[in-house]
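Order of the sequence lines fixes the chain letters, A, B, ..., with proteins taken first and strands second; residue numbering starts at 1 for each chain.
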Amino acid sequence: MSGSKPFYITTPIYYVNDKPHIGHAYTSLACDVMARFKRLDGFDVKFLTGTDEHGQKVEKSANAKGVDPKTFTDSVSQNFRDLAAFMGYSNDDFIRTTEERHKKACQALWMRLQERGDIYLGGYEGWYAVRDEAFYTEDELEKKPDGTRIAKASGAEVEWVEEPSYFFKLSAYEDKLLKFYDENPNFILPKSRRNEVISFVKGGLQDLSVSRTTFKWGVPVPGDDDHIMYVWMDALTNYITAVGYPDEEAEQYKKYWPADVHMVGKDILRFHAVYWPAFLMAADLPLPKRVFAHGWWTNEGQKISKSLGNVIDPIDLVNKYGLDQVRYFMLREVPFGNDGDFAHSAMVTRMNSELANDLGNLSQRVLSMIVKNCDEAIPAPGAYSEEDQVMIAQAYNLVSGVREKIDVQAFNDAIETIWLVIRAANAYVDKQAPWKLKKEDPDRMATVLYVLAETIRNVALVLQPFMPTSMDKMLGLLEIAPENRNFEACGEAGALMAGTKLEKPEGVFPRFIDHEELEKTYEGKDGTFLIKRALRQNPKNKETVFEIEFKDGKLDELNSADLEKAKEKGALTQV
RNA sequence: GGCUGGAUAGCUCAGCUGGUUAGAGCGCGGCACUCAUAAUGCCGAGGUCGGCAGUUCAAGUCUGCCUCCAGCUACCA
């Protein structure tokens, strides 16, 4: 696994003033899947995430709590580290903008830009809203009867401020940026976002104010203590801080920079696709290879906002549906780059139809047959029929197909590619009907089951980046050793050895069954019991079998139809 | 307002450079099977491919116009 091929992927650094939500989880998830995929594919990966801890809002929040900013950020930054651990992210580093290494990098970059004449001292004046940390133009404001002005967009009160400010000569990079976009058509993905960025740049670029004097919580401008650096200048630099900048001879810097992918939400694309490349051009440093802007989630069709109170907490999601299920859903439901809707019904459909029925049941039916009919061991295959060859070829070609999709961040296409094989495998089981071959032609049965086991192995291998825990379990059921789980083992190279003993399989993906009776307590002549969970449900008549728990902890099963009858007769009453 | 991209089966969407009966998943209906997590497979269901007019032997697939929708339109993370 010693990779000679480096791969560097980053999430944005998350602003600590926010509580971690689904958006943060989503960006990092995409990076995690790419990082895991690349590692399995033999790359030497660095996956970076972290927190952005400077700015006026943070300073204010800290003041409001009566603590110094550093103490405050130590605490809130931890929320993001906790989320990463909770979601199973495999980041190799976690950077904080309050770290000394970062301050050094920012100041070094600043001085470099200044030396090259791309940073100059000027003055900034305008209508400023403290609450928004933003300047507004006259037409973005509304005059109130009392003479004060508020920002139309946010309603925040603004004041006229005049302050000296350093500027970055962004205007000088318009043509260079356009040329770069032109020469690197995949620098910004998806394409639609790329068009937006290009049209923005073509519209003309003004110099950028890159320092502030109105608050203190930031990286000091070298040689001018009255100023701190503008947040984006500070924040974007994290990507090179983490690989050792300003030491351009650092091992990590030489290995990993320029980054392969900066993953960002669509709202911060401009900073990554315009400002950041311009800063790097000015510093004469290599530019990242790709900036991918993904979309946002809605909640049951509703736009998510704090004021609506419908913010989605990824921790709640995982507790309700399961970690791998949530990871799968987020990358499966929507073409990566588009906006998506997080709907409970869609989540349940994906879980049950695709994970439990298609994949989980495939492995369960095949492994059960092997354990029951092949001496609890991987059977020895005979010569392959044409249909066997077609099946096995699909399984063996899977990695390369999935790799193509992953390389352009088409996670949803990657999953679809895998599911084509899973569906083909289920069709193959039915067509070959190994349960009939058991009596008619046991050797043939052995071959079919071997082909299926191989298919499951390959499917599980390529699904590892998406669902690490479940696939660990599935590969474990096949007794695949840890060292045989990277992509070199895909295809014939890692083929299952006949005779390998298998344990009796356990379900990998449980079904999710919704029912209004869940959690209700009933009292009857047998005692008081709680309807604990739904074990299974007949999709035709919607009858459900519940697991019920009596007061003494005894468990039993109860059919929903019987429950209804008992309720009608009055034999049971809800407590 | 300007720019860009959309509008295809009940739902969510594929349909590259124009070419015989327009596809998938989910949902729905029927059949088969019984290995498996009440799972699987097969078959089907008469969608004016937003509207109008063109180009062409031939148009969801190109052109124009129209109607809706979405995103972007700078110093806000």
Could you tell me whether the side chain of A/Asn357 has a donor or acceptor atom within less than 3.5 Å of a complementary atom in the base of B/A39?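 Donor-acceptor pair under 3.5 Å: no.
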Just to be sure I understand the rule, does [X] reach a base, reach only the sugar-phosphate, or reach nothing, if contact means heavy atoms closer than 4.0 Å?
X	answer
A/Arg193	sugar-phosphate
A/Val197	nothing
A/Gly360	base
A/Asn373	nothing
A/Asp358	sugar-phosphate
A/Ala427	sugar-phosphate
A/Lys431	nothing
A/Phe509	base
A/Leu205	base

Would you please name every residue forming a side chain to side chain donor-acceptor pair (under 3.5 Å) with [X], sequence neighbours left out?
X	value
A/Ser28	A/Tyr14
A/Lys532	none
A/Tyr275	none

Please check the phosphate of [N] (OP1 and OP2 only) for any side-chain N or O of [X] closer than 4.0 Å.
X	N	value
A/Ser368	B/C35	no
A/Trp232	B/C75	no
A/Gln206	B/A74	no
A/Lys436	B/U34	no
A/Arg536	B/A39	no

Taking side chain as C-beta onward, heavy atoms only, is [X] less than 4.5 Å from [Y]?
X	Y	answer
A/Trp296	A/Asp267	yes
A/Ile415	A/Val402	no
A/Met369	A/Lys438	no

Same-atom distance ([atom1]) from [N] to [M], integer angstrom:
N	M	atom1	result
B/C3	B/G27	P	44 Å
B/G18	B/A39	P	45 Å
B/G51	B/A59	P	15 Å
B/G47	B/U37	C1'	35 Å

Send over the distance from [X] [atom1] to [N] [atom2], rounded to a whole Å.
X	N	atom1	atom2	result
A/Leu437	B/C33	CG	C1'	14 Å
A/Tyr230	B/A74	OH	P	13 Å
A/Met233	B/A74	CE	C1'	16 Å
A/Phe512	B/A39	CZ	P	15 Å
A/Glu354	B/G27	CD	C1'	14 Å

Could you note down all residue pairs passing salt bridge (Lys or Arg N to Asp or Glu O under 4.0 Å) where residues 415-425 of chain A supplies at least one of them, sequence neighbours left out?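 Matches after skipping sequence neighbours: A/Arg332-A/Glu416, A/Glu416-A/Arg423.
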Hey, could you give me each pair passing salt bridge (Lys or Arg N to Asp or Glu O under 4.0 Å) that has a residue in residues 357-372 of chain A? Not counting sequence neighbours.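 Non-adjacent pairs meeting salt bridge (Lys or Arg N to Asp or Glu O under 4.0 Å): A/Arg365-A/Asp430.
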What's the closest nucleotide to the [X] side chain, out of [options]?
X	options	value
A/Thr349	B/U37, B/C26, B/C35	B/C26
A/Lys266	B/C35, B/G71, B/A74	B/G71
A/Tyr15	B/A77, B/A74, B/U37	B/A77
A/Trp435	B/C75, B/U40, B/U34	B/U34
A/Asn361	B/C35, B/U37, B/A77	B/U37

Can you check nucleotides 3-7 of chain B for protein contacts, nitrogen or oxygen pairs under 3.5 Å, and list what you find?
none

Treat a base pair as Watson-Crick or G-U wobble with both distances under 3.5 Å, then lay out RNA chain B in dot-bracket form, 5' to 3', with | for cross-strand pairs. (((((((..((((.....[...)))).(((((.......))))).....(((((..]....))))))))))))....
Within residues 414-447 of chain A or reaching into it, pairs that qualify as ring pair (Phe, Tyr, Trp, His ring centres under 6.0 Å) - sequence neighbours excluded: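 Listed by first then second residue: A/Tyr328-A/Trp419.
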side-chain contact (heavy atoms from CB on, under 4.5 Å), paired with A/Met330, selected from A/Phe411, A/Phe466, A/Trp297, A/Phe336: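 It is A/Trp297, the one option of A/Phe411, A/Phe466, A/Trp297, A/Phe336 that forms the side-chain contact (heavy atoms from CB on, under 4.5 Å) with A/Met330.
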Please compare A/Val366 and A/Leu535 by the position of their nearest nucleotide in RNA chain B and report the one closer to 5'.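 By nearest-heavy-atom nucleotide position, the 5'-most residue is A/Val366.
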Enter syn or anti for the glycosidic conformation of B/G60, syn applying to angles within 90° of 0.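 In terms of base orientation relative to the sugar, B/G60 is syn.
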Please enumerate all residues that pass side chain to side chain contact (heavy atoms under 4.5 Å, CB included) together with [X], with sequence neighbours excluded.
X	result
A/Pro314	A/Ala25, A/Leu83, A/Met87
A/Ser61	A/Asn17, A/Phe72
A/Lys405	A/Ala410, A/Asp413, A/Ala414, A/Thr417

Tell me which residues in residues 405-425 of chain A lie within less than 4.0 Å of RNA chain B, going by non-hydrogen atoms.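 By residue number: A/Arg423.
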So, A/Arg96 and A/Asp52, do they make that salt bridge, N to O below 4.0 Å?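 Salt bridge absent between A/Arg96 and A/Asp52.
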